[in-house]
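Here's the structure, in C-alpha cells; my notes come after.
Letters go in sequence order (proteins before strands), and every chain restarts at 1. Atoms considered below: every heavy atom in the structure, side chains included; atoms not considered: hydrogens, waters and symmetry mates.
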Amino acid sequence: MKVIFMGTPDFSVPVLEALATHHDVICVYTQPPRPAGRGNKLVSSPVQQAAERLNIPVRTPVSLRKGNATQEFQDLQADVAIVCAYGLILPQGVLDAPKMGCINVHASLLPRWRGAAPIQRAIEAGDTQSGVTIMQMDAGLDTGDMLLKGVVPIDENTTAQVLHDALSKQGAELIIKVLENMPEPIKQPETGITYAEKIQKTEALIDWSLPAQQIKNKIMAFNPYPAAYFMLNGERIKVFNAQVEEIEINAAAGEVLDNTLLIACGNNTALRLTQLQREGKKRMSASDLLKGFELKKGSTI
RNA sequence: CGCGGGGUAGAGCAGUCCGGUAGCUUGCCAGGCUCAUAACCUGGAGGUCGUGAGGUUCAAAUCCCACCCCCGCAA
C-alpha cells in the first residue's frame, strides 16, 4: 500500500517504523526543524530523523493551506495517509485526497480526551485506564469514526512517560492491524466526551492545599514534562514521584511532617515525596536529596 | 555565539572569592548498647578533588588556559 505518514514527536516514531516495515511509505510530513535546547540550535523533529534513517522523503510545510501544499499532497496519489500527532490542521482537500482517506492514531479511548494532551490529562484525572483509538479523520477535532481501540491500564506507578511509551507501541501495532483488515467504522458516542487541554507550565506548581491523591496524580501526569514542582528558598524543586500515605494528619498544608519528606496536604491527607530534582542537579531519591539538603520536620514548603 | 548551575570517598553535599596535599551527612566493615525511635555509642576502610606528563607558584580542589560530560531556565 502507498502510505503517507504525518507526525512529529517521539510518540509517532514507532508508528512510522511499523508502517515502513509493512508498507510502502512514499513520503513523510512533519513539522520543520525549530531552534530547541541549549544553544537554541536548529533541531529536526524525531519523526524527520527517523524518516531520514529510513531513507523516506520528508516534507516540512509550515502550513497545508498555503501555496500549493494541498496540490502537492494530492499528487502523491497515496492509498492512505496515517496521521499521528502531526501538529497541523488538515484541510478538506488533504483529508479527501488518499483513496482510503486519512487515518489518525490518537492516544486516548475516544471520545474521552479529544485534543492535545490526552496522555497527561488521563493520569491527572485519576483514570484507571487509557488507550489508543485508530479513527477515520474528518474535519472536527478528533471526532472521526472509530476503527479500532486498544486499552492500557493506569496504576499508581504509571507516569506520563510510561503511558506514552506503552500507547506509542500499541498504536504502532493497531495501525498495522487496521490496514491489514479494515474494520467497520463506528460513530463516536455522544456521551463521555472530554477535551484534553494543552499542558501549561503554570499548572506545574504544586498546590499543597489539594488532597494528596490529586497532587500525586499531577506529579505522575507531569513526569517527565513539565514536572510538578514547588519553590523553596527561591529554588524550584521538581517532584517526579510520590506516595500517598494512608494516615490521618492534622497540620497546615505544606508542612513537613517528618525528616523523610512527608508533606501535609489538603483534607488531612499526606504525601511522601520520593523522587525529586534540584535546579542544576540530577533527579534523585528523597534520601539522597536529604543527605546534602536541609528540609526538617516542622518547616513549611 | 540565548541565560545559568554543576563535575571532590559507594551516594548526596561543603570547601574554591581570601592558594598551604580535604571535610560533613549517609552508606559500608568491626565491636557495643537498646522495649522502641530514618535508633544510639565507639573504632575502621574508602578520594590521582572531570580531563590535560597544560600555565602561574616554593606550594593548586582552590588562580589562568583548553577540552570532555551532566543538569536548570528560556524556546
Side-chain angles (χ1 to χ4, degrees), chain A residues 7-13 30-49 58 60-63 85-89 115-117 119-120 159-162 164 197-207 212 215-216 218-251 254-265 269-301:
Chain A
T8 298
D10 284 323
F11 184 84
S12 318
V13 172
T30 189
Q31 295 275 327
R34 299 241 159 74
R38 293 173 205 111
N40 280 327
K41 288 191 264 293
L42 220 52
V43 177
S44 52
S45 77
V47 162
Q48 177 164 358
Q49 293 176 35
V58 176
T60 60
V62 174
S63 163
Y86 177 36
L88 284 186
I89 306 283
I119 298 173
Q120 291 91 326
T159 62
Q161 181 75 62
V162 168
H164 167 281
E197 297 293 320
K198 194 176 165 190
I199 302 288
Q200 304 291 331
K201 278 184 189 170
T202 50
E203 299 176 61
L205 180 61
I206 295 174
D207 176 0
I215 297 175
K216 150 100 178 175
K218 175 170 280 190
I219 289 168
M220 301 308 274
F222 283 30
N223 172 345
Y225 181 85
Y229 70 94
F230 61 92
M231 298 299 293
L232 188 67
N233 303 328
E235 180 180 4
R236 180 195 307 233
I237 300 180
K238 293 181 174 181
V239 185
F240 287 96
N241 216 324
Q243 214 60 47
V244 176
E245 205 82 353
E246 300 297 338
I247 53 167
E248 274 275 308
I249 57 110
N250 186 12
E255 186 175 327
V256 181
L257 297 170
D258 66 6
N259 288 333
T260 56
L261 288 187
L262 183 66
I263 312 297
C265 302
T269 59
L271 189 66
R272 188 177 299 288
L273 311 183
T274 55
Q275 192 179 51
L276 332 256
Q277 182 177 30
R278 293 178 62 184
E279 290 178 3
K281 301 291 185 180
K282 288 182 185 169
R283 218 190 272 197
M284 63 185 79
S285 67
S287 57
D288 279 348
L289 180 90
L290 291 170
K291 280 168 190 165
F293 188 74
E294 288 263 305
L295 191 50
K296 291 227 183 278
K297 178 178 178 178
S299 54
T300 302
I301 61 177

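- Taking atom C1' on both nucleotides, A38(B) is separated from A11(B) by 16 Å, rounded to a whole Å.
- Counting heavy-atom neighbours within 6.0 Å of Ile247(A) CD1, excluding the residue itself, gives a total above 12.
- In this structure, Thr274(A) contributes its side chain and Asn241(A) its backbone to a donor-acceptor pair below 3.5 Å.
- Nucleic acid contact for Arg283(A): none, since no nucleic acid atom lies under 4.0 Å from a heavy atom of the residue.
- Considering only heavy atoms from C-beta on, Tyr225(A) comes within 4.5 Å of Lys201(A) through its side chain.
- In terms of position along RNA chain B, the nucleotide closest to Gly39(A) lies nearer the 5' end than the nucleotide closest to the other residue of the pair Phe293(A) and Gly39(A).
- For U42(B) and C33(B), the P atoms lie 15 Å apart once the distance is rounded to whole Å.
- A75(B) and U57(B) are spaced 45 Å apart, taking the C1' atom of each and rounding to whole Å.
- Look at G72(B): its Watson-Crick or wobble partner, with both distances under 3.5 angstrom, is C3(B).
- Nucleic acid contact class of Asn259(A) (heavy atoms, under 4.0 Å, all strands): base.
- Counting all heavy atoms, side chain and backbone alike, Pro9(A) lies closest to Val47(A) at O-CG2, 3.7 Å.
- With C1' as the reference atom, G50(B) and G7(B) are 6 Å apart, rounded to whole Å.
- Protein chain A touches strand RNA chain B; the 5'-most and 3'-most nucleotides with an atom under 4.0 angstrom of its non-hydrogen atoms are G2(B) to A75(B).
- On the P atoms, C71(B) is 49 Å away from U34(B), given to the nearest whole Å.
- Base pairing analysis places A66(B) opposite U51(B); the two distances defining the Watson-Crick or G-U wobble pair are each below 3.5 Å.
- Looking at Lys218(A), its side chain never comes within 3.5 Å of a backbone N or O of Asp207(A) through a donor-acceptor pair.
- Pairing for U26(B) goes to G10(B), judged as Watson-Crick or G-U wobble with the two contacts each under 3.5 Å.
- Of the possible donor and acceptor atoms, one in the side chain of Asp258(A) sits under 3.5 Å from a partner among the backbone N and O of Thr260(A).
- Toward the 5′ end of RNA chain B lies the nearest nucleotide of Lys41(A), the other residue of the pair Lys41(A) and Arg236(A) mapping further downstream.
- With hydrogens and angles ignored, the 3.5 Å screen pairs no side-chain donor or acceptor of Gln48(A) with any backbone N or O of Pro32(A).
- Taking atom P on both nucleotides, C18(B) is separated from G31(B) by 50 Å, rounded to a whole Å.
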